[in-house]
J.: 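Have a look at this one.
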Amino acid sequence: MNKQDKNNRPSNFIRNIILEDLKANKHGGKVITRFPPEPNGYLHIGHAKSIVMNFGFAQEFNGRCHLRFDDTNPTKEEQEYVDAIMEDVRWLGYDWGEHLYYASDYFDRFYEYAEQLIKIGKAFVCDLSPEEIRAYRGTLTEPGRESPYRNRSIDENLDLFRRMKAGEFQDGKRVLRAKIDMASGNLNMRDPVIYRIMHVPHHRTGDKWCIYPMYDFAHCLSDSIEGITHSLCSLEFEDHRPLYDWFLDVLEVECHPQQIEFARLNLTYTILSKRKLIRLVEEGVVSGWDDPRMPTISGMRRRGLPPAGIRNFCERIGVAKKESVVDVALLEHCVREELNKTAPRVMGVLNPLKVVIENYPEGQEEELEAVNNPEDPSYGTRMVPFSREIFIEQTDFMEDPPKKFFRLAPGREVRLRYAYFITCTDVIKDEKTGKIVELRCTYDPATKGGNAPDGRKVKGTIHWVSTRHAFEAEVRLYDRLFEHPHPDRAAQDGRTYMDFLNPNSLKILKGCKLEPSLKDLEPGKVVQFERIGYFCADSKDSRPGSPVFNRTVTLRDTWGKIEKRFRKKNNRKQA
RNA sequence: UGGGGCGUCGUCAAGCGGUAAGACACGGGUCUUUGGAACCCGCAUUCGCAGGUUCGAAUCCUGCCGCCCCAGCCA
């Protein structure tokens with residue numbers, strides 16, 4: 001019925017095209033793709049979709065995927081970005097092997113192709129100014145007019161183009177244009193500019209060139225030179241495909257790749273446009289491109305998202321031509337799914353409440369065995385210190401609990417995970433504020449490890465940490481960057497996406513009490529704070545012996561949902 | 001009649017003339033030393049709308065409607 005491959009990947013239209021091409025032996029049975037970023041910014045989750053697709057198809061069909069930097073505009077590109085992009089692609093788990101390329105590697109060949117175009121009368125040097133070119137181009141509904149320079153002789157065009165290359169003319173004075181059709185309904189075919197003069201040094205070719213090819217000319221030729229079979233790009237290039245094909249048809253090339261367009265990724269509660277992300281960085285809304293709230297690869301890495309989870313997400317969202325917005329909950333689900341299998345469990349108390357166990361001998365302490373990962377016995381166990389005074393989570397105690405609250409309350413017994421059953425005997429409050437400052441409890445020595453020999457059960461199990469052994473750390477709770485699921489759609493009546501930022505996207509907690517084993521956690525490594533969520537030691541702000549933690553994602557919170565419903569119901573009653 | 005695309009569950013998404021996969025989300029339950037995980041159940045009589053062809057249509061035809069992209073010497 002529904003075609004699925006062995007890896008259970010759902011069928012999609014691009015895979016179907018590749019499958020058909022393979023069956024027809026279209027490219028000699030080869031699949032060669034490429035990921036072609038412009039090194040003018042940082043990669044984000046939208047690029048991850050493209051990376052996973054391009055490298056994924058290459059792996060699936062025993063082909064290969066090239067990493068190619070589309071560096072044809074030196075005014076925007078920098079080495080810093082190429083380094084960052086390579087790091088991100090590698091971190092995502094992909095390897096381009098020998099196949100690292102730069103469009104700038106082909107500048108000589110592009111130039112030769114351009115001369116070839118002139119020689120066959122398909123290109124001309126145009127002296128119109130940028131404004132004039134725009135005026136001559138016509139509009140969406142009206143045809144354009146031909147440039148007065150369109151019928152220069154081949155010799156004159158060749159001479160002029162060579163002088164452009166030699167640096168005889170200032171920026172903007174002349175361009176090379178393809179001679180196609182000024183009346184075409186597709187504006188890209190109205191004698192598009194293919195070379196422009198830019199006296200700007202290039203991050204790789206230095207000042208060797210002062211003319212640079214445009215995307216439409218360079219991209220199809222780069223693909224062709226590299227023997228790409230399937231050139232995947234986003235929807236907005238659909239209109240460029242006729243031009244892509246025109247160059248490859250008109251020029252003498254050995255390989256004519258097929259351009260296929262797909263819808264780019266959009267995610268709820270965030271934005272994925274480079275221009276808009278820049279604003280967040282520049283206005284200091286976030287700390288940088290790698291702020292853990294950013295949808296950038298570097299941000300997600302710092303936040304603790306596992307590459308395998310991101311890859312899985314990219315495969316699960318599918319590929320189609322419909323413009324869509326994927327629920328970020330799916331990303332979070334994929335992240336939890338991965339982390340549940342791989343993250344060691346530890347105990348940490350974010351908002352501590354002191355508990356004194358009155359019948360536990362003063363000065364006594366012991367170590368209790370705790371499981372590191374219930375999903376994987378190979379993670380083993382560790383010893384956690386226990387003593388008379390411990391911290392528990394403030395939210396794990398309620399003086400006057402509602403039904404369904406299973407945690408600690410006056411007179412109620414709960415289990416301390418991997419330790420003992422305790423019963424709350426007294427609540428100590430600050431005399432002035434009335435705030436609960438301490439709990440008094442008793443423990444049952446027979447329940448060591450967490451089981452009662454008499455078989456009695458408790459409904460709640462809570463985490464804890466021994467006051468004497470805990471260390472304090474800063475923990476950063478990250479949440480969605482925007483409070484609106486569609487910041488772009490919401491923007492209207494003068495309001496922009498900037499007006500829908502989530503004011504609580506970062507909450508900094510100081511003085512959190514963590515179990516001692518965490519003290520030397522390697523930055524970047526993700527652990528689960530039991531019952532709370534997944535956290536990693538921040539790679540920038542952690543110091544040896546003094547880690548700072550980032551919350552990667554919360555655990556699924558069933559109680560939170562019940563509580564929310566509860567509150568709603570009560571509000572309705574009051575109203 | 002500028003040109004090019006897209007409309008299947010709240011959100012993604014299969015489906016390619018034989019009677020609507022799956023995932024996330026949501027709701028309910030089992031189990032549980034994480035209110036985690038796991039497991040079970042429920043969740044589109046209908047595919048933008050209207051006609052037509054056919055024994056049979058989400059799939060073919062016609063006509064509408066809605067949304068997106070294109071007028072950089074950006075990519």
Side-chain angles (χ1 to χ4, degrees), chain A residues 1-4 8 10-12 16 36-38 40 70 72-73 75-77 126 128-130 133-135 137-144 171-177 183-190 192-198 212 214-216 218-219 233-242 261 263 268 274 316-334 336-337 340-341 345 347 370-371 374-375 404-407 415-419 449-451 457-463 485 528-533 555-563:
Chain A
M1 240 190 138
N2 56 321
K3 303 174 209 162
Q4 292 201 336
N8 221 28
S11 132
N12 68 58
N16 290 346
E38 180 185 17
N40 70 343
D70 220 340
T72 57
N73 184 351
T75 62
K76 300 169 116 185
E77 298 147 6
C126 182
L128 254 24
S129 70
I133 286 183
R134 195 186 318 132
R137 186 155 31 226
T139 69
L140 292 176
T141 51
E142 296 161 311
D171 291 7
K173 287 298 178 203
R174 291 186 220 265
V175 290
L176 184 69
R177 294 225 253 167
S184 171
N186 181 346
L187 302 236
N188 294 305
M189 302 300 273
R190 320 242 261 228
V193 171
I194 58 179
Y195 262 95
R196 73 289 215 188
I197 300 170
M198 287 199 277
Y212 292 93
M214 297 285 289
Y215 164 86
D216 285 302
H219 203 92
C233 63
S234 42
L235 247 31
E236 66 268 30
F237 291 101
E238 279 179 314
D239 287 348
H240 295 244
R241 180 161 18 101
E261 311 84 12
T268 55
K274 222 177 258 179
R316 298 229 257 175
I317 55 177
V319 190
K321 299 193 75 157
K322 185 175 71 171
E323 294 188 63
S324 56
V325 185
V326 176
D327 192 340
V328 73
L330 179 59
L331 209 212
E332 293 167 349
H333 173 264
C334 292
R336 289 191 190 103
E337 184 176 63
N340 178 48
K341 290 185 291 190
R345 307 309 128 108
M347 290 196 283
V371 172
E375 302 293 317
K404 287 200 175 172
F405 183 84
F406 303 152
R407 284 111 95 145
R415 172 166 41 234
L416 294 176
R417 178 136 237 230
Y418 299 124
N451 282 307
K457 302 282 185 201
V458 286
K459 274 221 151 174
T461 299
I462 64 177
H463 60 278
Q528 183 194 101
F529 287 6
E530 290 210 42
R531 304 209 306 131
I532 302 176
L555 249 29
R556 265 187 76 221
D557 184 8
T558 311
W559 166 244
K561 273 180 205 163
I562 296 171
E563 208 183 15

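Here is the naming used below: chain letters follow the sequence lines, and residue numbers restart at 1 for every chain. Keep in mind that the numbers below use all heavy atoms, side chains included, and drop hydrogens, waters and symmetry copies.
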J.: Considering only atom C1', compute the distance from B/A75 to B/G36 and round it to an integer number of Å.
T.: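 Those two atoms are separated by 45 Å.
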J.: Heavy atoms only, 4.0 Å cut-off, all strands: where does A/F529 land among base, sugar-phosphate and nothing?
T.: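 The residue A/F529 makes no contact with any strand.
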J.: Could you tell me the separation between the CZ atom of A/R556 and the NZ atom of A/K561, rounded to the nearest 0.5 Å?
T.: 5.0 Å
J.: Which whole number of Å gives the distance between the C1' atom of B/G5 and that of B/C9?
T.: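 My reading of the C1' atoms in B/G5 and B/C9 gives 24 Å.
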J.: Considering every strand and a 4.0 Å limit on heavy-atom distances, what is the contact class for A/R417: base, sugar-phosphate, or nothing?
T.: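 Base: the residue A/R417, judged by heavy atoms under 4.0 Å, touches a nucleobase.
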J.: With the 90 degree cut-off around zero defining syn, does B/G22 come out syn or anti?
T.: anti
J.: Counting side-chain heavy atoms from C-beta on, which of B/U11, B/G35, B/A75 comes nearest to A/D70?
T.: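 Closest nucleotide to the A/D70 side chain: B/A75.
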J.: Quick test of the criterion, 5.5 Å between centres and less than 30° between planes. Is A/Y215 stacked on B/A75 or not?
T.: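 A/Y215 vs B/A75: stacking no.
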J.: Checking all strands, does A/E332 fall into the base, sugar-phosphate, or nothing category for heavy-atom contacts under 4.0 angstrom?
T.: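 A/E332: no heavy atom of the nucleic acid under 4.0 Å.
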J.: Counting heavy atoms from C-beta on, name the nucleotide in B/G4, B/G15, B/G2 closest to the side chain of A/N16.
T.: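 The answer is B/G15, which lies nearest to the side chain.
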J.: Does a side-chain heavy-atom distance below 4.5 Å link A/E375 with A/R345?
T.: yes
J.: Looking at every strand, decide which applies to A/D239 at a 4.0 Å heavy-atom threshold: base, sugar-phosphate, or nothing.
T.: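 Contact class for A/D239: base.
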J.: Of the listed nucleotides (B/A71, B/C73, B/G35), which one gets closest to any side-chain atom of A/F406?
T.: B/G35
J.: State which of B/U34, B/C74, B/G15 makes the closest approach to the side chain of A/R196.
T.: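 Minimum distance to the A/R196 side chain belongs to B/C74.
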J.: Just checking A/T558: base, sugar-phosphate only, or nothing, at a heavy-atom cut-off of under 4.0 Å?
T.: sugar-phosphate
J.: With sugar-phosphate meaning primed atoms plus P, OP1 and OP2, does A/M189 contact a base, only sugar-phosphate, or nothing at under 4.0 Å between heavy atoms?
T.: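 Result for A/M189 = nothing.
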J.: Side chain of A/F237 only, heavy atoms from C-beta on: which candidate in B/C26, B/U34, B/A75 is closest?
T.: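 Selected nucleotide: B/A75.
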J.: At under 4.0 Å between heavy atoms, what does A/E375 touch on the DNA or RNA strands: base, sugar-phosphate, or nothing?
T.: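 Counting heavy atoms under 4.0 Å across all strands, the contact made by A/E375 includes a base.
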J.: With a non-hydrogen cut-off below 4.0 angstrom, is A/V371 in contact with a base, only sugar-phosphate, or nothing?
T.: nothing
J.: Where each residue is assigned the nucleotide of RNA chain B containing its nearest heavy atom, which of A/N186 and A/D216 is assigned the position nearer the 5′ end?
T.: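 The 5'-side residue here is A/N186.
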J.: Counting side-chain heavy atoms from CB outward, which of B/C74, B/G36, B/C24 is closest to A/H333?
T.: B/C24
J.: Per the atom types in the model, does the base of B/G35 pair as donor or acceptor with the side chain of A/R407 at under 3.5 Å?
T.: yes
J.: Could you let me know what B/U30 is paired to, Watson-Crick or G-U wobble, both distances under 3.5 Å, or none if it's on its own?
T.: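 With both distances under 3.5 Å, B/U30 matches B/A38.
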J.: Within the 4.0 Å heavy-atom criterion, would you say A/N40 contacts the bases, only the backbone, or no part of the nucleic acid?
T.: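 The residue A/N40 makes no contact with any strand.
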J.: For the pair A/F237 and A/Y215, name the ring-plane relationship: parallel under 30°, tilted 30 to 60°, perpendicular over 60°.
T.: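 A/F237 vs A/Y215 ring planes: tilted.
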J.: Within the 4.0 Å heavy-atom criterion, would you say A/H240 contacts the bases, only the backbone, or no part of the nucleic acid?
T.: base
J.: Kindly point out which of B/C73, B/G35, B/G15 is positioned nearest to the side chain of A/P130?
T.: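 Of all the options, the side chain of A/P130 is nearest to B/C73.
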J.: A/P36 near the nucleic acid: base, sugar-phosphate alone, or nothing, with a heavy-atom cut-off under 4.0 Å?
T.: nothing
J.: If you pin A/S129 and A/K404 to their nearest nucleotides in RNA chain B, which one's is more 5'?
T.: A/K404
J.: Please classify the nucleic acid contact of A/I194 as base, sugar-phosphate, or nothing, using heavy-atom distances under 4.0 Å.
T.: nothing
J.: State the CD1-CZ distance between A/I133 and A/R190, to the nearest 0.5 angstrom.
T.: 14.0 Å
J.: Going by heavy atoms in the side chains, are A/L555 and A/F529 under 4.5 Å from each other?
T.: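 No, every pair of side-chain atoms sits at 4.5 Å or beyond.
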J.: What about A/E236, does its side chain sit under 3.5 Å from the base of B/G5 through a donor-acceptor pair?
T.: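 Under the 3.5 Å cut-off, the side chain and the base do not form any donor-acceptor pair.
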J.: Quick check for you: among B/A37, B/C12, B/A14, whose closest atom lies nearest to any side-chain atom of A/S11?
T.: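 Out of B/A37, B/C12, B/A14, the nucleotide with an atom closest to A/S11's side chain is B/A14.
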J.: When all nucleic acid strands are considered with a 4.0 Å heavy-atom cut-off, which category describes A/I197: base, sugar-phosphate, or nothing?
T.: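 The answer is nothing, as A/I197 stays clear of every strand by at least 4.0 Å.
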J.: Hey, what do you get for CG (A/N451) to NZ (A/K457), rounding to the nearest 0.5 Å?
T.: 7.0 Å
J.: When rounded to the nearest 0.5 angstrom, what distance separates CD in A/E38 from NE2 in A/H219?
T.: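 A/E38 atom CD to A/H219 atom NE2 measures 11.5 Å (nearest 0.5 Å).
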J.: Choosing from B/A71, B/C12, B/G5, which nucleotide comes nearest the side chain of A/I317?
T.: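 Looking only at side-chain atoms, A/I317 lies closest to B/C12.
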J.: Could you check whether A/R316 gets within reach of a base, just the sugar-phosphate, or nothing at all, counting any heavy atom under 4.0 Å?
T.: sugar-phosphate
J.: Nearest to the side chain of A/T461, heavy atoms from C-beta on, is which of B/G15, B/U34, B/G72?
T.: B/U34
J.: Considering only the P atoms, how many Å lie between B/C69 and B/G29, rounded to the nearest integer?
T.: 45 Å
